[in-house]
Structure formats: structure tokens, C-alpha cells
Amino acid sequence: MRIQVTLAFALFPDADLIPKATFILVSMPNNPNFATPPPALTVFQPLIEGFQTALVAAADGGKLKTAEKNAAREALVEPLRSLARYVQQNCDNDLTKRLSSGFDPRKQPEPSGLLPAPQGVTLTPTGIHGEVSLRAGAVTNARAYEAQSCNDPGTSADWESQGTFSSARPATGFGASLFRRW
């Protein structure tokens, strides 16, 4: 499993970005795991202070102050992204090294396990003899749904696939959502 650095700090609210950037700045100097980070760590303190000043100034409102704050934020976030990529490339897939940088790990995907059958399955006549429209309730974590049919569900083991769909509620007129019982 590959340990990845998250770039979610770029989505942090303004007030949360400053402490995160400061924590990274405190974690990186003299860190033997990341000896020569680009950009140089000396660029970050003025960027953090500039963003903090712009954030306070924008609190009074105004389009100009907000635009200046947004520009100062981007000026801080872009070198943080570069630093995150450097950490990602140089952590040797070692969580301890990665954590020593101050950057957060990307959440690892987890298997969802066996999913339940959809609830609220409805078959609605379409007006065409022998044809129905199928709809079902959505299942959390389901990426696809398979419809199956057979002549006698109580006794038959001869279920046939009628198609796989990406939605439990296909759009009206979606041809694959119509099934014929032969």
C-alpha cells in the first residue's frame, strides 16, 4: 500500500490554513528525512505572515481586500503543494518519515464489504405487452447494480442477467432499464 500525502490543506478554511502551514514549517527544518526541500523553507514564513495580514484586512469586507487575501492564500498554497510533492517523493513509503514532515496522510481506501440488496424494488408496466420498468432504492457504496430475471423465482435456479447499471434509478426512457420476460 502506497503512503500518499494529502493536498487537502488547499481546501482548508482560511483560518485553518495558517496553523497547518505553521505546523509544517516547524516540522521540516533540520528534518533528516527531508534535507533539501524545494522550495526553500525560508520562503514560507513571509508567505504565512502575508496571508495572515491579508486575512485580517479582508475581515472588514470589500472586493479589493478579498481579492488580495485570495492572492496571498494562493501564494502560500502553491509552494505548500510543491513541498508536499517533495515529501511524497522522498518519504520512501514510510509513514513515520511522512508524519515527521507535518503533512497529513491521504486516507487509504477501505473495502466496503458485502453490500445489501437494494430495497424498494418496483416493476412498473410500460404500456408495452410483457415489458416493465425497473427501479430500486440506492445502496450506499454501490457502484453498479445488476438486474436478473427468471420464470419462477421460487423454484428456479436459472436466473439470467438482464444488464448492469450505474444507477438504481435510471432516467426515464433509458432503454436498458426496460426488461422483457420471454
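These values consider heavy atoms only, across backbone and side chains, with no hydrogens, waters or symmetry-generated copies. Note that this is a predicted model, so its numbers are computed, not measured.
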### Message
Does atom CD (Q119) have a neighbourhood of more than 12 heavy atoms from anything else shown, all under 6.0 Å?
### Response
no
### Closest approach of P39 to S82 (non-hydrogen atoms, all atoms of both residues)
CD-CB, 3.9 Å
### Task
Find the distance between CD (E74) and CZ (F51) and round it off to the nearest 0.5 Å.
10.5 Å
### Message
Please tell me whether D104 and T6 have a donor and an acceptor in their side chains that are separated by less than 3.5 angstrom.
### Response
no
## Note on the structure
Residues V5 and A84: closest non-hydrogen pair is CG1-CB, 3.9 Å
### Query
Below 4.5 Å, heavy atoms only, C-beta onward: do T124 and R135 meet side chain to side chain?
no
### Query
In terms of hydrophobic clusters joined by side-chain contacts under 4.5 Å, are L25 and F23 together?
no
### Task
Spell out, as yes or no, whether a donor-acceptor pair under 3.5 Å connects the side chain of T66 to the backbone of K63.
no
### Query
With a 4.5 Å limit on heavy-atom distance, are the side chains of C91 and N33 in contact?
no
### N141 side, atom CG; L115 side, atom CG - distance, nearest 0.5 Å
6.5 Å
#### Entry: Contact summary for V121 and A136, nearest pair of heavy atoms
CG2-CB, 3.9 Å
#### Entry: Same apolar cluster (I L V M F W Y, side chains within < 4.5 Å links), I18/V56
no
### Query
Rounded to the nearest 0.5 Å, how far does CG of N93 lie from CD of Q4?
9.0 Å
### Summary
Separation between CD (Q148) and OG1 (T164), nearest 0.5 Å, reads 9.0 Å
### Query
Taking all atoms of both residues into account, what is the closest heavy-atom pair of L11 and R73, and its distance?
C-NH2, 4.0 Å
### Query
Heavy atoms, side chains only, cut-off 4.5 Å: are Y86 and S101 in contact?
no
### Task
Please round to the nearest 0.5 Å and tell me the distance separating atom CD of E78 and atom CG of L47.
11.5 Å
### Query
For K65, does the NZ atom have more than 12 heavy-atom neighbours from other residues, nucleotides or ligands under 6.0 Å away?
no
#### Entry: Heavy-atom pair of closest approach, residues L76 and A21
CD2-CB, 4.1 Å
### Query
Does K97 reach the main-chain N or O of V87 with its side chain, forming a donor-acceptor pair under 3.5 Å?
no
### Any L17 side-chain heavy atom under 4.5 Å of L55 side chain
no
### Query
Under a 4.5 Å cut-off applied to non-hydrogen side-chain atoms, are L41 and L83 in contact?
yes
### Distance-minimising heavy-atom pair for P118 and V139
CA-CG2, 3.6 Å
### Task
Decide yes or no for F44 and I24: does some side-chain heavy atom of the first lie under 4.5 Å from some side-chain heavy atom of the second?
no
